[in-house]
K.L.:
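My questions will all concern the structure given below.
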Number of protein chains: 2
Amino acid sequence: MTIENISCNKSFGGWHKQYKHQSRVLDCEMRFAIYLPPQAAEKPVPVLYWLSGLTCTDENFMQKAGAQRMAAELGMAIVAPDTSPRGDGVPDDADKAYDLGLGAGFYLNATRAPWNRHYHMFDYVVDELPALIEAHFPVTGQRAISGHSMGGHGALVIGLSHPHRYSSISAFSPIANPMACPWGEKAFAAYLGENREHWRQYDACELLKLAVSEVPILIDQGDADTFLEQQLRPQQLVEIAGHKGYPLDFRLQPGYDHSYYFIASFIEQHLTFHSLYF
Amino acid sequence: MTIENISCNKSFGGWHKQYKHQSRVLDCEMRFAIYLPPQAAEKPVPVLYWLSGLTCTDENFMQKAGAQRMAAELGMAIVAPDTSPRGDGVPDDADKAYDLGLGAGFYLNATRAPWNRHYHMFDYVVDELPALIEAHFPVTGQRAISGHSMGGHGALVIGLSHPHRYSSISAFSPIANPMACPWGEKAFAAYLGENREHWRQYDACELLKLAVSEVPILIDQGDADTFLEQQLRPQQLVEIAGHKGYPLDFRLQPGYDHSYYFIASFIEQHLTFHSLYF
């Protein structure tokens, strides 16, 4: 488990760094970014894992969300992986569609060819990446998880299916019910096959129905988000949480859209939320 | 003077918007971005003009600097123009070099062909853009100016040569003495010709020597900036200010580089600085 540093920028007294490493789970070279707050020079700090949306890499969140200021204040590391396996040997969608293949791993373990050799982002985020981070950086075993859109789906699914590994979950504009939206149906059919029973493990609504532990969830959603009605569909998730009395705080933010301008506006509140449970 | 809105994102309770318009001064279609804080819905607000560095457009600062949070708190608009004229009819460097032509207007009025028809970013920033902003948006006549690298040069030169139009000036990693660095010598020779007497009006050091008014200046510079020694060269500017007793606060920030991670780390302090003089 070696990692190679490829960039380093001082940021709010701490450090933004990019690394590459050979991923065993994804069978390719991967890049990730980490923000280490100033406190990490003195003592181990907890980690927020951030999962980005369709088309993103490790860079979008680190460059656009403005999260480092609050992470530096709270003493929290942030780790941002890529959104799919990458490299010459990794298959992409035949039509280069933005919502399948490269940049669109959907944080699941693919079982269908040609995807099943490399597309195991679920195992990568749950196991390999935290093991790597905890072996190489001054971090505690405390973890939280968050993400945007496809990454909000990833954060919900990974957090809900591993309640003992994450102390809190949050999401911006998550694909909350992927089995019932075009993005999710297309990706799940390609990666997992047509049997919808195999899809349930990757649908936040299905997982919330079964949830026994109560890892707190915060979701922000803009009401001017053009993907809200057809693709994101948070209603069922909110209803299930209501029925169960699950601690899910869903906030519909008037006027906000699907962009990083929305994320930046509320990221401080998400970091503060996660810090309450470390 | 008509302008056409091309994007709109809610951000920290205010609005990030992009517009295009036909520029008379540049003789081409131009795009700019404006951040309007929530206060602008109630009353006119002062404006900080931000000038970006080489290769940038109106987008880099708005997406990466994280300035909107503090602008919303202070009630300050921010306007970010492009860094050169643009469009099919606008000449570029024959070698497509990043430091001449498109994306590299150096905030001057070119006098040499083929640049002299379109490359008038000095007049655009000083006159046409503020007139446009003040005609179309709820802003006061209070203006401040700031920028990064080539844009730091632009902010210093435009602010120092128009002390009655700007209440304060700031810069990150400015090209502080362009007559004495490779970037400046290349651009000035191309845009203005070989007679160095014609260059003085666009060199912050030369302007500071002649300055009578005392518009306060704040400069942040990272000491790990790889361009510091050869291209940025702030020493002479700091010395001239010292000799004259000019109110210039130069801060060498240990460990910081030339990136937007540096700008984001200190932008709050720059906005606060400008707000003191509105």
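Here is the naming used below: chain letters follow the sequence lines, and residue numbers restart at 1 for every chain. Just so it is clear, the structure is predicted and the values come from calculations on it, not from any experiment.
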K.L.:
Below 4.5 Å from any heavy atom of chain A, which atoms of B:D257 appear? Answer side chain, backbone, both or neither.
P.N.:
side chain
K.L.:
Which region of B:F262, side chain (C-beta onward) or backbone (N, CA, C, O), has a non-hydrogen atom less than 4.5 Å from a non-hydrogen atom of chain A, or is it both or neither?
P.N.:
backbone
K.L.:
Please check this pair: side chain of B:Y256 against backbone of A:G13, looking for a donor-acceptor N/O pair closer than 3.5 Å.
P.N.:
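Present.
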K.L.:
What part of B:Q68 gets within 4.5 angstrom of chain A, counting heavy atoms only: side chain, backbone, both, or neither?
P.N.:
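B:Q68 touches chain A through side-chain heavy atoms alone.
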K.L.:
Compare all side-chain heavy atoms of B:R69 with those of A:R69 and state whether any distance is below 4.5 angstrom.
P.N.:
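They are in side-chain contact.
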K.L.:
Minimum heavy-atom separation for A:Y261 to B:Q63, with atom names?
P.N.:
OH-CG, 3.5 Å
K.L.:
Work out which heavy atom in A:G255 is nearest to a heavy atom in B:K10; give both atom names and the distance.
P.N.:
O-CB, 3.4 Å
